[in-house]
Amino acid sequence: MAVQERQAENSFDRYIAEVRAVWGDGKDPQLPFRVQALMEKLFASTKSDDPWMAEIIRDGKPSRELYRDPDHGFIQMGHVHKQGHANTPHDHGPCWVVYGAFSGVTDITKYKRTDDGSEPSKATLEKERLDRLSAGVVVPYVTGDIHSTHAVEGPGVVFRFLSYDLDKINRSRYSLEKSTIIPVPAR
Ligand SMILES: [Fe+2]
């Protein structure tokens, strides 16, 4: 039975059914913002002792796949990040991502490139914006957005919605110190 036809059992099932309902062909540029609104609604309607969320918190896994859509390929990841958890600037290749904090505080820095792109392995980055994701805050990063994350208060439950499986696409990491691009090829 398709997900949207099933009686939604909890706020997470409802959220997934709602994302599926707005997905269409997956190409609408407004989709990241629709998913943002639905994730905000999910967090507002979920308590930390709801069984599905309580399990995520109790397990405390740094990363787990909560849902993979069999028809559209989008993935909902759930993370429990300890305070201080951080990563280097990266993009999501041709994909987009929606980050949301259910608990804790995560800072996400968005960068812009200041080079002209003429050297394939070089990129100089400048900080463009700092998004502070406190509980309930959800921010989309569209195709090409370079960003890095830092858990400033934790542990925190962080949701990461991926428009597609990142292991199947080519993307990039960036060294701020060396001004270089580090390819992250599909597996
Ligand atoms: Fe990311």
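Every number for a ligand or one of its atoms is a count from 1 in the order of the listing.
- Tyr174 and Ser148 are not linked by any side-chain donor-acceptor pair at a separation below 3.5 angstrom, with hydrogens and angles left out of the test.
- Donor-acceptor pairing under 3.5 Å is lacking for the side chains of Tyr141 and Asp91.
- Inspection of the environment of the Fe ion (ligand 1) yields the following protein N, O or S atoms under 2.8 Å: His90 NE2, His92 NE2, Tyr99 OH, His147 NE2.
- A salt bridge is defined here as a Lys NZ or Arg NE, NH1 or NH2 lying under 4.0 Å from an Asp or Glu carboxylate O, and Asp145 with Lys110 meets this definition.
- Proximity of a side-chain donor or acceptor of His150 to a complementary backbone N or O of Asn87 within less than 3.5 Å is not detected.
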request  = Please test Phe102 against Ile56 for side chain to side chain contact (heavy atoms under 4.5 Å, CB included), starting from the C-alpha separation and ending with a verdict.
outcome  = CA-CA 11 Å; Phe102 178 74; Ile56 291 171; over 6 Å; no

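- Neither side chain, Ser11 nor Ser45, offers a donor N or O lying under 3.5 Å from an acceptor on the other.
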